[in-house]
Every structure is written in structure tokens, then in C-alpha cells.
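Below is one structure, written out as C-alpha cells, with a few remarks after it.
From a predicted model like this one, the values you see are computed outputs, not experimental measurements. Side chains are part of it too, since the values below use all heavy atoms of this structure and drop only hydrogens, waters and symmetry mates. Start at 1 and go down the list; that is how both ligands and their atoms are numbered.
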Amino acid sequence: MALIVQKYGGTSVGTVEKIKAVATKVIDSYKKGDRMVVVLSAMAGKTDGLIKLARQVASEPDPREMDVLLATGEQESVALFSMAVKDMGFEAQSMLGFQIAIHTDHIFGRAKINQVETDRILKALDEKKIVAIAGFQGLDEKGDITTLGRGGSDTTAVAIAAAVKADRCEIFKDDVEGIYTTNPDVCPKAKKMDTISYEEMLEMASLGAKVLEIRAVEFAMKYNVPVYVRSTFSDKRGTMVVAETKDMEKVLVSGVAYSKNESRVTIRKVPDRPGIASGIFQPVFESGIVVDMIVQNTSEDGSTDITFTVPKPDFYRTMKLVSQVAQDIGAEKVLGDEDIAKVSIVGVGMRTHAGVANRMFAALAAENINIMMISTSEIKISVVIEAKYLELAVRTLHKTFGLDDETKGE
Ligand code: ASP
Ligand code: MG
């Protein structure tokens with residue numbers, strides 16, 4: 001008898017018919033003897049609709065009241081789900097974040113989970129109930145309702161699974177059947193993976209693969225919760241996200257990730273002396289802009305160029321901030337480029353194999369793709385290239401590292 005936490009997203013519970021279908025699915029697992037905890041998102045479009053409503057009554061809605069409002073989306077879906085289960089003749093109980101309690105910090109709109117109490121959940125399970133938990137919400141130390149940030153229900157599910165020591169956490173997706181070696185829309189040869197390590201998944205998620213929320217993966221890794229990503233609409237085998245095994249290192253590259261959401265800023269001829277980098281980046285960091293890659297070079301005349309990337313939506317703000325600093329420190333000029341993309345190869349096998357970077361660069365060179373920036377970590381190599389070559393680069397790397405190979409993936 002296993003203890004399973006299942007999470008269904010907004011589209012999977014988007015209509016009353018779909019809620020009933022999910023109830024049937026959960027009951028099927030329950031009938032096999034598993035103890036079932038179900039974490040639900042709000043019905044599709046609900047959260048957006050609530051945000052719209054808020055904006056109709058206030059130009060800048062109060063953050064505390066916004067979370068009180070947004071939490072109602074998930075309150076609705078868990079209540080409807082539990083009613084449906086009961087109507088089918090089984091016991092169910094809905095639970096909201098504060099009832100459980102899911103303790104978070106006090107940052108409304110993007111609260112972090114600190115701790116999850118398990119008494120109520122375990123008691124209901126002992127009473128043979130199917131437990132339906134509202135995703136995306138918690139309770140701060142003052143007793144106020146908080147929400148975790150958009151897409152936060154994945155994190156709720158993994159946090160609950162960790163707290164109740166579930167055998168696994170199953171994340172049901174309505175758009176994909178698992179984790180792929182790369183986006184199948186870009187590379188038709190992309191394959192579904194059987195397994196992927198937490199670390200690889202974390203890299204893939206932070207590099208733009210949107211299948212799992214990054215915080216959910218971090219939680220899973222920290223508490224060693226096996227996460228099974230699978231399809232809501234079919235029983236096909238999905239992908240297990242698990243701790244690294246020795247076998248995984250045999251594969252050099254597990255996946256190719258990319259992001260179109262990058263822009264590049266270059267400051268030409270910056271005086272090369274202590275304090276300059278901090279002077280440039282401080283205003284950028286202070287305005288909450290996340291800098292990704294940074295490249296700096298030395299040159300013989302005592303000045304240097306600094307190039308870095310920021311998310312596209314922050315490009316103009318960054319250009320403005322940096323242009324001001326550039327003037328103050330006597331740099332020559334600031335250049336910006338929004339037509340770039342980042343492509344990365346990810347694999348724990350890189351730790352134990354040399355020459356991966358070389359193969360990557362050679363493969364891109366053979367396609368005449370110019371590399372503008374490079375960054376590496378233990379299990380990842382990223383390059384920045386011209387945006388128009390992105391899809392070619394993804395397909396080229398997918399092939400170069402043997403991911404097109406029929407024996408991989410499924
Ligand atoms: N309902 C929330 C959202 O739409 C949380 C979630 O779906 O995970 O972002
Ligand atoms: Mg969602």
C-alpha cells in the first residue's frame with residue numbers, strides 16, 4: 001500500500017466534467033489500495049480572472065487582499081472535487097493551506113514554504129479519506145493567507161509529499177507526457193526520458209524548460225521525493241525525476257534546453273580597476289533584475305569590455321541604469337542586443353567526461369553558428385547565439401550528442 005500525492009493543474013480540472021474525470025481517476029488508484037492525497041490548481045483561467053477583477057477595483061491591489069482573493073480559486077476546485085468523489089460513493093475531505101497548516105514566510109504573492117504540518121492530513125488518511133489539498137497557498141506567521149506565485153501548485157504538491165513522506169509525487173500534465181530531451185516543437189526527434197536526475201531537471205527548468213516549477217524540483221531534491229511527471233489523459237509511461245544513479249553518468253548529455261528570453265548588454269572600454277564591476281551591477285541588482293551570464297576581459301590599455309545577459313523584459317530598464325553608470329565611470333559606450341538566444345546542453349555525465357565543450361563548439365561551427373558568449377557549470381554548458389539560429393542549434397546539438405538515436409528515451 002503506497003502513499004501517493006498527485007497534482008492536477010488548472011486545465012486538468014478546467015471544467016466540471018474534467019473534475020469528475022479526475023475524481024474517477026483518483027478513485028481508481030484508491031481502489032487499488034493506495035492512500036491518496038490530491039493537490040489541485042484553480043480551474044483554468046480562474047486565477048487570471050481573479051487578477052482582472054482585482055484590477056477593476058484598485059489600480060494597485062493590496063497584496064494581502066490579493067492573496068485572500070487568489071486563494072479562492074483553489075478553494076473552489078478542491079471543494080468541487082471532494083463533492084464529486086463523495087457523490088461517487090467514496091470519502092473525501094478538502095483542506096486549505098491554513099487548515100493544514102502550510103507555513104510560509106510573509107511575502108504575499110510569492111511566499112516560500114517553511115514547514116508543513118501533517119496531523120490533519122494523516123488523520124484523514126487514517127479515516128480512509130481521499131485528501132484534496134488546495135495548491136498554491138499557505139499561511140504566514142501572523143495567520144494571514146499567502147500565495148506562492150504563479151504555477152505554485154507543483155511546489156505545494158512536492159512539499160506535501162516530502163512532509164507526509166509519500167512514496168512518490170505524481171505531477172499530471174495536460175500538455176506533455178513527461179520530460180523530453182528537448183522541446184518536440186523545435187526538434188521533432190525529441191524523446192521522452194524514462195528518468196532524469198534532480199540536478200539535471202533543475203538545470204533544464206532554470207534554462208527554460210517549463211514542465212516543472214523550479215522550486216518544486218529544489219524541494220524534491222532537498223527531501224529526496226521521487227517525482228513522476230505524466231499525462232492526465234493517457235496511461236503512457238512518463239518521466240521519473242530522481243536522485244542521480246551511477247548509470248546516469250554513462251550518458252554524456254541528457255537534454256538540450258534553450259531560452260529566447262535573453263538580451264545582452266555590453267559596456268565598452270570600462271576602466272579596469274577595483275570597484276568597477278560592483279559599481280555597474282549594484283543598481284541592476286538593486287532593481288531586482290536577475291543577471292545571468294557575465295563576461296569580462298582584460299585589455300592592454302587599462303580598460304576592458306563587460307558583457308552580460310538579462311531577461312528580455314528587463315532589457316530597457318537595464319540599458320537605462322547601465323548607461324547612467326557608464327557615463328559616471330567614463331566608459332566609452334553601452335551596446336545592447338535583444339536578438340539573441342541561449343542554448344544549453346545538460347548532463348551529469350559531463351562531470352566524468354572531457355571534451356564535451358569542444359564537441360559542442362565544433363558542431364555549432366560546422367553549421368556556421370557564431371558563439372557570442374559561453375558559460376559552464378559542472379553539468380551544463382550554455383552558449384549565447386543569434387536568435388535566428390536557435391532552432392538549428394538545438395537540432396544540431398540534439399543530433400551531435402546522440403539524442404536523435406532511437407535507443408534513447410522511451
Ligand atoms: N492557480 C495558480 C496559477 O494559475 C497556481 C497553479 O496553477 O499552480 O498560477
Ligand atoms: Mg499551472
Side-chain angles (χ1 to χ4, degrees), residues 5-16 18-19 21-22 26 37-55 61 63-82 94-100 102 104-105 107-113 116 131-140 144-163 169-176 179 201 205-206 208-220 225 227-233 241 313:
V5 175
Q6 292 190 334
K7 182 256 168 177
Y8 293 88
T11 315
S12 303
V13 294
T15 62
V16 282
K18 286 181 174 178
I19 290 178
V22 169
V26 172
V37 176
V38 181
V39 174
L40 300 181
S41 289
M43 294 170 78
K46 194 75 201 182
T47 310
D48 289 336
L50 292 169
I51 293 172
K52 263 199 208 122
L53 273 182
R55 298 228 165 101
R64 178 188 182 276
E65 302 310 331
M66 191 67 166
D67 278 6
V68 172
L69 180 68
L70 292 189
T72 62
E74 274 72 9
Q75 177 161 352
E76 174 184 77
S77 54
V78 287
L80 290 172
F81 170 84
S82 304
S94 66
M95 292 186 196
L96 305 179
F98 74 86
Q99 293 175 311
I100 290 174
I102 298 174
T104 71
D105 64 18
I107 315 290
F108 295 119
R110 52 187 169 88
K112 285 207 176 64
I113 297 177
V116 176
V131 178
I133 292 176
F136 171 63
Q137 55 181 254
L139 168 79
D140 72 8
D144 283 330
I145 291 173
T146 54
T147 65
L148 309 181
R150 298 306 303 270
S153 302
D154 283 3
T155 304
T156 304
V158 177
I160 297 283
C169 179
E170 301 185 342
I171 308 273
F172 285 86
K173 306 294 297 185
D174 37 59
D175 47 353
V176 290
I179 316 284
M201 191 62 236
S206 42
K210 291 186 187 67
V211 182
L212 279 180
E213 227 207 328
I214 295 175
R215 278 187 302 164
V217 185
E218 283 169 348
F219 237 101
V225 181
V227 175
Y228 188 35
V229 182
R230 54 192 294 194
S231 164
T232 309
F233 307 116
V241 189

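Scanning all heavy atoms of the two residues, the minimum distance from Glu213 to Asp154 falls at N-OD2, 3.3 Å. Of all heavy-atom pairs between Val5 and Ala157, the closest is CG1-O, 3.7 Å.
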Check: How far apart are the C-alpha atoms of Met95 and Ile160, what are their side-chain angles, what is the distance that settles it, and do they pass the side-chain contact (heavy atoms from CB on, under 4.5 Å) test?
Finding: CA-CA 12 Å; Met95 292 186 196; Ile160 297 283; over 6 Å; no

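At a 4.0 Å cut-off, at least one heavy atom of Gly151 sits close enough to ligand 1 to count as contact. Under a 4.0 angstrom heavy-atom cut-off, Gly73 registers as lying outside contact with ligand 1.
Annotation: Thr47 places an N or O atom under 3.5 Å from an N or O atom of ligand 1; distance criterion only.
Glu74 places a side-chain N or O within 3.5 Å of a backbone atom of Ala42 that can act as its donor or acceptor partner.
Here atom 9 (O) of ligand 1 lies nearest to Arg150 when heavy atoms of Glu74, Lys46, Arg150 are compared.
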